Amino acid sequence: MTDENHSTEEELIAQRREHLEKLREAGVAYRNDFKRDTLAADIHENHGNSSKEELEEQKVRVAVAGRMMSRRIMGKASFAHVKDMSGQIQIFVRKDDVGEDTYNDFKQFDLGDIIAIKGWVFITKTGELSIHVEELTILVKSLRPLPEKFHGLTDLETRYRQRYLDLMTNDDTRHVFSIRSKTINYIRSYLDGCGFVEVETPMMHPVPGGATARPFKTHHNALDMELYLRIAPELYLKRLVVGGVEKVYEINRSFRNEGLSPRHNPEFSMLEFYQAYADYHDLMDLTEDLLRKLVNHLFGDSKLTYQEQDYDLSKPFVRLTVFDSILEYNPDLTPDDINNLDSIRKTSDKLGVPYEDNFGLGKVQIEIFEKIVESKLQGPAFITAFPKEVSPLARSSDNDPFLTDRFELFIGGREIANGFSELNDPDDQAERFRKQVESKEAGDNEAMHYDADYITALEYGLPPTAGEGIGIDRLVMLLTDSPSIRDVILFPHMRAKE
RNA sequence: GGGCCGUUAGCUCAGUCGGUAGAGCAUCUGACUUUUAAUCAGGUGGUCGUAGGUUCGAUCCCUACACGGCCCA
């Protein structure tokens, strides 16, 4: 050892680099000649119920590798915990068993090192299933000190910027991303089971469409062409339905050039699916069934808790129109207060909901809905009958031309899904695009572009179809009781440091 | 974009009504052959986010900025 045994970060790293140098000299740094045959969780699963005596008798030998997370040296015998992707297992290292040289090597290991063990499974005096080590080696020297072993890493900024440290030390974080993976897998198998076909459509669009949002702009050099990162895959998926792919879905990223918040990341994951010869009622039924089965699949029952609020998905989801929901959550209002532009403007003023002069009745209704009703919708609740003015891609309602055959699903005051019977009348669609372009020219930079190529596709005939988008990130937030979208995205966007 | 809060050792956190900072873990030395937040004894480790200002003196008060969090638009 050096005489200078300090412990600034620099010096901690220097100490570890000295250990690495010794490994390099011995020709065993960064080796890759060890094959493990067992994961930590396998050991717990296979031997967790065995008795001490059974294990002594069987002498089950395992080869395990992982990161050393803790160590307790007691003279000539030591314990450590080794962590792999499945979990942790304790190892017991005794000088008499591994020999003096290996034991001394072991004492030079640092927390965070990636090590390999061969030994037999046993139970310690205090009853912990462990590996009695016979052979031991270091595979990778960790040069930087680990976060504290008991509290783990709690600093949010570091957890997001250096997610690997978060994953290394916080089991909760691993759990969240495991649920995320299982959720996406389950959705895929559910839709596959219903006969849907998974596709990948372009992420770079010459005309951004499928949602009202600001896009990211980029440039293709060879084509010398402006392109936009997609804000939604919708218009391409419907082109596929035109082409005869009658049940189609895509799960992937979309991008919106907007602010960051606990509910918004500039890139986010969506499921979109389209089913020909179905209407929005069919999709509400499908969504209810999918979510109920998903929660059962993940948790074994239909109940979940989000931010201390309980939800039971076994009960039928509420279904309520936008109009009725405004009245329900504003008991002082009468239908006449919100069913014409003059009265709803007065109502908005009274409620303190801002609107602009060019907003029609439908848009003002939605402003009130979003500001006042949404956050109160514990749900699960399908809100239906959205005004045409705010639904430029949805089919007009047969009963009321002011409305569309559209719904959104709310759980915990948050929009989880948005679906509708698709607008397949090309002339109506062209007219709606023109209205959007007018809004854009009037200064609404979220309004849609006119997509002539899409109109052409509709002119060939889109079958009667219903389609829906489900926000994967928000769904996973709900399923993992995560307050922020950053908790369910591995590498959330952050401002560059320095 | 606006408001509020935060930033102290590698990590988790105290603290200073303005007088140059502490603990636990990690690390180092020693003891210890079934520990488990191991234990016991003794050490090391800090530009108190950055830059200015006020002051005899600033980690603390003021201003600006950076990064993060929450709320609002």
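Note that the coordinates shown come from a computational prediction; the quantities given were computed from them, not determined experimentally. Just so it is clear, the values below take in all heavy atoms, side chains as well, and ignore hydrogens, waters and symmetry mates. Every chain is numbered from 1, with letters handed out A, B, ... down the list of sequences.
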Practice task
Tell me, please, which residues at least two apart from A:Asp332 pass side chain to side chain donor-acceptor pair (under 3.5 Å).
Solution key: none

Practice task
For B:G42 versus B:A58, give the span between their C1' atoms, rounded off to a whole number of Å.
Solution key: 35 Å

Practice task
Taking only heavy atoms on the protein side, list every residue of residues 79-98 of chain A lying under 4.0 Å from any atom of RNA chain B, sorted numerically.
Solution key: A:Phe79, A:His81, A:Gln90, A:Phe92, A:Arg94, A:Asp96

Practice task
Could you check whether A:Thr124 gets within reach of a base, just the sugar-phosphate, or nothing at all, counting any heavy atom under 4.0 Å?
Solution key: base

Completion exercise
From CD of A:Glu10 across to P of B:U47 the rounded distance in Å is 10 Å

Completion exercise
Separation of B:U33 atom C1' from A:Lys107 atom NZ, nearest Å, is 11 Å

Handout entry: B:U7 to B:A14 separation - C1' atoms, rounded to the nearest Å
Key = 15 Å

Handout entry: Atom C1', compared across B:C48 and B:A21: separation rounded to whole Å
Key = 8 Å

Practice task
Check side-chain contact (heavy atoms from CB on, under 4.5 Å) between A:Thr158 and all other residues, then give those that pass, not counting sequence neighbours.
Solution key: A:Leu153, A:Asp155, A:Gln162, A:Leu165

Problem - Identified stems (criterion: three or more consecutive Watson-Crick or G-U pairs, under 3.5 Å), RNA chain B - result: B:1-7 with B:66-72, B:10-13 with B:22-25, B:27-31 with B:39-43, B:49-53 with B:61-65

Practice task
Sticking with atom C1', work out how far B:U20 lies from B:G3, rounded to a whole angstrom.
Solution key: 34 Å

Completion exercise
Here the gap from A:Ile338 atom CD1 to A:Phe323 atom CZ, rounded to the nearest 0.5 Å, amounts to 4.0 Å

Handout entry: Residues that A:Ser181 engages under side chain to side chain donor-acceptor pair (under 3.5 Å), provided they are two or more places apart
Key = none

Exercise for the section: Examine A:Arg474 relative to A:Phe268 and say whether NZ or CZ is less than 6.0 Å from the centre of the six-membered ring and inside a 45° cone about the ring axis. Expected result: no

Problem - Atom pair distance, as rounded to whole Å: CG in A:Asp155 and C1' in B:A9 - result: 15 Å

Exercise for the section: For nucleotides B:U12 and B:G49, find the distance between their P atoms and express it as a whole number of Å. Expected result: 15 Å

Exercise for the section: Evaluate the salt bridge (Lys or Arg N to Asp or Glu O under 4.0 Å) criterion for residues A:Arg31 and A:Asp33: first the C-alpha distance (whole Å), next the side-chain angles of each, then the deciding distance (0.1 Å), finally the verdict. Expected result: CA-CA 6 Å; A:Arg31 53 193 291 184; A:Asp33 56 353; 3.0 Å; yes

Handout entry: Atom CE of A:Met85: over 12 foreign heavy atoms under 6.0 Å
Key = no

Review item, nucleotides 1-3 of chain B N/O atoms under 3.5 Å of protein N/O:
none

Exercise for the section: For A:Phe122, answer base if it contacts any base atom (sugar-phosphate contacts may also be present), sugar-phosphate if it contacts only those atoms, and nothing otherwise; contact means non-hydrogen atoms under 4.0 Å. Expected result: base

Practice task
Measure the CD1-CG distance between A:Ile344 and A:Asp337 for me, rounded to the nearest 0.5 Å.
Solution key: 9.0 Å

Practice task
Starting at the 5' end of nucleotides 68-73 of chain B, put B wherever the base has a protein heavy atom under 4.0 Å, S where only the sugar-phosphate does, and a dash everywhere else.
Solution key: SSSS--

For a quick test of your reading: what N or O donor-acceptor pairs under 3.5 Å do the side chains of residues 115-123 of chain A make, sequence neighbours left out?
none

Exercise for the section: Send over the distance from A:Gln162 CD to B:G10 P, rounded to a whole Å. Expected result: 14 Å

Exercise for the section: Please check if atom CZ in A:Arg174 has more than 12 non-hydrogen atoms from other residues, nucleotides or ligands closer than 6.0 Å. Expected result: yes

Exercise for the section: Could you tell me the separation between the CD1 atom of A:Ile13 and the C1' atom of B:C11, rounded to a whole number of Å? Expected result: 13 Å

Practice task
For B:C11, take OP1 and OP2 only and decide whether either is under 4.0 Å from a side-chain N or O of A:Thr154.
Solution key: no

Exercise for the section: Verify whether one side chain among A:His81 and A:Glu128 offers a donor that lies under 3.5 Å from an acceptor in the other. Expected result: yes

Completion exercise
Applying side chain to side chain donor-acceptor pair (under 3.5 Å) to A:Glu408 and not counting sequence neighbours gives A:Arg406

Problem - Short N-O contact, A:Glu134 and A:Arg61, less than 4.0 angstrom - result: yes

Practice task
Could you work out the separation of B:U59 and B:G18 based on their C1' atoms and round it to a whole Å?
Solution key: 10 Å

Exercise for the section: Would you indicate what A:Leu153 reaches in the nucleic acid, counting non-hydrogen atoms under 4.0 angstrom: base, sugar-phosphate, or nothing? Expected result: sugar-phosphate

Problem - Qualifying side-chain hydrogen bond (donor to acceptor under 3.5 Å, both in side chains) pairs with a residue from residues 344-353 of chain A, counting only residues at least two apart or across chains - result: A:Asp349-A:Tyr355

Completion exercise
Its glycosidic angle compared against 90° from 0, B:U8 adopts the form anti

Exercise for the section: For nucleotides B:U63 and B:G2, find the distance between their P atoms and express it as a whole number of Å. Expected result: 16 Å

Exercise for the section: Quick one, give me the B/S/- string for nucleotides 21-27 of chain B, reading 5' to 3', where B means a protein heavy atom under 4.0 Å from the base and S means that only happens at the primed atoms, P, OP1 or OP2. Expected result: ---BBBB

Fill in the blank from the handout: A:Arg144 atom CZ is separated from B:G10 atom C1', nearest whole Å, by 10 Å

Completion exercise
For A:Arg36, the side chain to side chain donor-acceptor pair (under 3.5 Å) test, sequence neighbours excluded, returns none

Exercise for the section: May I ask you to check whether A:His19 and A:Phe109 place their ring centers less than 6.0 Å from one another? Expected result: no

Exercise for the section: Would you mind checking if A:Lys141 and A:Asp110 are paired as a salt bridge, meaning a charged N to carboxylate O distance below 4.0 Å? Expected result: yes

Practice task
In whole angstrom, give me the gap between the C1' atoms of B:G57 and B:U16.
Solution key: 14 Å

Problem - Rounded distance in Å - CG (A:Leu129) to C1' (B:U35) - result: 15 Å

Handout entry: A:Glu11-A:Thr8 side chain donor-acceptor pair, cut-off 3.5 Å
Key = yes

Problem - Separation of atom NZ in A:Lys76 from atom C1' in B:U34, rounded to whole Å - result: 15 Å

